Amino acid sequence: MNHQIALIILAVLAPFTGSFAQTPKPHADLKLIKKAALRIDQHIASFYRNKNLAVPKVADDAIFLRRAFLVSVGRIPTAEEALAFLEIEDPAKRETLVDYLLKSQGYSSHMSNWTFDLLRLTDNRTGSPAGNAPYRHWVRTAMRNNMPWNEFTRRLVASSGDGWDPNTAAVGYYTRDRGMPLDNLSNTMRVFLGTRMECAQCHDDPYGTTERHDFYQLAAFTHGQTTVGQHHMESLWQELRDGDRSQSDEYRVAQVLWDRVYGMSLSGGGTGRIPLPSDYQYRDATPGEVVGARTPFGQTVRMSEKRVESDGRVKLAEWITSKTRDQFPAVIANRMWKRVMGRGVYEPVDEFIPVEKTTYPDLVSYLGTLMVELDYDLRAFQHVLLLTRTFQFGANPNPSSIEGGDDFHGRKIERLSSEQIWDSLITLAAGDPDKQPARPLDSRIYVGNKPVLVGKKDMAQLSKEVLALKSENELRSYFSKFVKEVRSSDSGSESRGSMMAMTSDRPYNKDAKVRASELPSPAPRDHLLYLFGASDREVVDAFSREPNVGQVLSLMNGFVQRELVNKPSAHLYKSLEGATTDKEKIRRLYIAVLNRLPSGEEMSWMLDEVQKQGDAGYRNIVSALVMSSEFLFLQ
Amino acid sequence: MNPFPKADELTRRQFVSNAARAYLGVHLFPMLGGTLASAAPATAAKGGTAKSVIYLYMSGGMSHLDTFDPKPKNKSVMGKTEAIPTKVDGVMLGNHLPKTAEVMDNVCVINSMNSTQGAHEQGAYTMHTSYALRGTIAHPSLGAWVVKQGGRIHPELPGFVAIDSSPEHVGGGFFGAKYSAALIGSPDEGLQDSKRPDAVSPEDFDRRLSLADRMNSQFHNRYPNADVKAYEELYREAIALMKSKDLSAFDLSRESAATRGLYGSGRFAQGCLLARRLVENGVRFVEVQLGGWDTHVDNFTAVAGRCKEFDQAYAALITDLAKSGKLKDTLVVVATEFGRSPEIKAEHKDGRDHHPQAFSCLLAGGGIKGGVKHGLTDSSGGKVKEGLVSVQDFNATIAYALALPYDNIVMSPTKRPFKIADKGVPVASLFG
């Protein structure tokens, strides 16, 4: 056994040596990160001193292990990972583990779920053939590359251009909400600045200070969103849509251009002016009156109502990320705090509270400063939090004693998110899911439901060519050539090469045992992810952790039983190989499922089970462990 | 004065009975269901005759002008939609609802709905809970209120079932998990995973539960937490459900091909049929959602598509319930978060925007007078002119139809008072 463990430890530690060889960015320097973690702990300690409270105890290794995995990579450790950590004797092993986790593939998968919920990122758009695939891919890649949050925000909010070009695919941020630019803007304010303005879309906010007039002035920055050159196709599209031609090949090919090329592009960079709505009800202006752009707080940025400009979105992005004083860094810092610590320093995290009005002004102010010091590197910021003693506090079953925020009395017991449950279950069913390739971008050209020109031309190239067309004539001649191209490739049989390309391009279907971040979004209604409360991604953060009877049925009779408990080839049973005694087998099952050793009492229950039921006894044990609250809850 | 709401008393009795059944395998109160149903309305002197609710939720904001509040004289707000006559003189519908037109003699149209919430999240939340969305408290959904105040009818089947709904709108809120809806993802498959897997013997199944139970009580002792406890209780409930002989309520294949055909083949249609089966079998509140009403872009094509899903299913549901005599026990609600603007946006391929100032909802059955129109909007459908019904009034009317005490105060765990419909007042004139 010892020899085996040593090997496993090596395997776990291997990635570190490689990663440290690169020159770290100044803020990724571990010394700085540890110093920052200490500062945070000092703030928390002074809070305990002031309140004359006992500091909570630090959680044991097993709880820390599971918590660190679930919080940073969104799944439980594999049996190998758990053993390596638990059996190694090294005072610095918690730090080492955190480093290992943040450098693994799992980190960006877990961050992507969080971002998809925040941005309401679905694969398709209801009622439109235009999709979000390249936009999703852009966001997923940004998370993998740990794009700094201010840059990420700026590129979304200021986006413009070709929806399929990997450099500008962030336009999906706006085209996703085509037809509802005002809702889109409300969400921008909520997501990035923690300012709720949705009430002011229709009327002055009776609780806040925002007036409907302010909202429209802000909306002026993003007004005038349109497509890149779609008007060149307008008359061709009308011709094909009318009458019996709507069943023709031409029509189906035209649909690709109309909806999936033009429909996914974005131009009109923000005019800076907007007419007030026809039902504008206040005395300070009249319906239809054009107002110029003006920001509601922070450093004022204005645009004139007299000129039509094209850089409103760029100005808005600059304002959000650098002219709102401490608001922009404070909001993302609190969101990250919630992600790591379980609760925001203040809640809800999407309602910004000025530093001096929070319960812990010193801490809140420091977190915002730290975010800026770290250049909005979210991984580095989370690294700091994960290294604090505060993160390691033992679990506390009581709700926070402070309404709307954390009381820092230990980790609040909380059910795992739907994605954490799924990702943990597939770890047991199929092994480390981070060895599976991420979902590829399907950039094939679909005519009807059929991919065409596979291996010859993809959406990115098509989109680039079409958006470069300068007139209706150019468009018409390109279109007829393209229709011929599609027809001629269609008549020939699919070549071997293109068949292979197809398989590797294909996104995972809903039954794939891969990370939730790689599955179709939103989760289909009959999926375990839906049952456990995954967001439908129509509104911001619409996930739920509410228990319901279906979840319990699913654990007792559904996916868990089919793919895990009753399936001899499930990965978790591999951990039994080589174990000779019943006790050893039970120990290994505990390590695999709950990542800890059984207590003496538990061991006697489980031994009894195996002695009475034989092999079925092991399945019963696995079933009981997965059905247990300990599995479903984060301690 | 008893500070505790009466409903709590019922719940405790029910809990005792459930627990007895779970541990002793016996029915202490064989007539419990019936007792509960008739005991509940004690404080409400008057009301409708409904025992159950089928709540059809049109998610996204259903265009009232193109469906239940057409303005045939004002072409400028109608776009491509035309008005058609119905079985009832003076009630006109949009032309994509021909089958619904045939059952309007059973239906009350409320044209004077008004909401203060113009965004989806807030609008749908208020519609479902009667309260504004707050970051600090989760309000129970209407279905949870109805089960809390009226009790369950069937002791084993869930009191509240939601088909195709968004989980965050059908939660138990501060009432806790046992009042959350049981979610149905696909009506054809019924209640997912409600049968013991073939690979597991009954003995092993029981052993698993007993092991898990030991694990759970150990965990719960270490962390006495409400959410943890909720899962423990759900196991008991789930097992009672699995053993119930009425589990077949969830099985659509037991309906004849003719009945299934009457409703249509769409997902929503099958959801409506399932809702009828569930209500027949003693489920108190069933929500079925039909999404896709957010018709900012190309409103007329989209509305036609949505109506196609809705029309046959709704007409079939009303016809079916009326024929079996269940319509007087069943309140059928059609609700949505808001309507859509009279203004047609040419730049969005003739789209319509959100419009909370005026919209339409429907009520039928449960003592509601059919063939009635309540309230009036102006000539463009933009504002309510007569008989304004707020979201809270609408929900109070639902409570009234069930003869539930709509003004009964229930304290949240944070010691704040809440009511099923907040300050809403029922529109009593809708009842016959």
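Bear in mind that the values here come from a model prediction, so they are computed numbers and not experimental data. So that the names make sense, note that chain A is the first sequence line, chain B the second, and so on, each numbered from 1.
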So, for [X] and [Y], which heavy atoms are closest and what is the spacing to 0.1 Å?
| X | Y | answer |
| --- | --- | --- |
| M215(B) | L594(A) | CE-CD1, 3.7 Å |
| M627(A) | Y235(B) | O-OH, 2.8 Å |
| N557(A) | S194(B) | ND2-C, 4.0 Å |
| G179(A) | V297(B) | CA-CG2, 3.8 Å |
| S628(A) | N216(B) | CA-OD1, 3.2 Å |
| A238(B) | L553(A) | CB-CD2, 3.9 Å |

Please determine whether the number of non-hydrogen atoms from other residues, nucleotides or ligands lying under 6.0 Å from atom NZ of K383(B) exceeds 12. no
Please indicate whether N221(B) has more than 12 foreign heavy atoms, meaning atoms of other residues, nucleotides or ligands, lying under 6.0 Å from its CG.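 Yes, the 6.0 Å shell around CG holds more than 12 heavy atoms from other groups.
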[Y] versus [X], side-chain donor and acceptor atoms under 3.5 Å:
| X | Y | result |
| --- | --- | --- |
| Q192(B) | S554(A) | no |
| N620(A) | R208(B) | yes |
| E546(A) | S180(B) | yes |
| E630(A) | Q218(B) | no |
| Q613(A) | D204(B) | yes |

For the side-chain contact (heavy atoms from CB on, under 4.5 Å) test, which of I413(A), N396(A), N398(A) pairs with Y223(B)?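 Testing Y223(B) for a side-chain contact (heavy atoms from CB on, under 4.5 Å) against I413(A), N396(A), N398(A) leaves exactly one candidate, I413(A).
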Euclidean distance, [Y] [atom2] relative to [X] [atom1], rounded to 0.5 Å:
| X | Y | atom1 | atom2 | answer |
| --- | --- | --- | --- | --- |
| D193(B) | L555(A) | CG | CG | 9.0 Å |
| S629(A) | F219(B) | OG | CZ | 6.5 Å |
| H296(B) | D177(A) | NE2 | CG | 8.5 Å |

Using heavy-atom distances under 4.5 Å, tell me whether [X] contacts chain B through its side chain, its backbone, both, or neither.
| X | answer |
| --- | --- |
| Q635(A) | side chain |
| R562(A) | side chain |
| L528(A) | neither |

Under 4.5 Å from any heavy atom of chain A - which part of T116(B): backbone
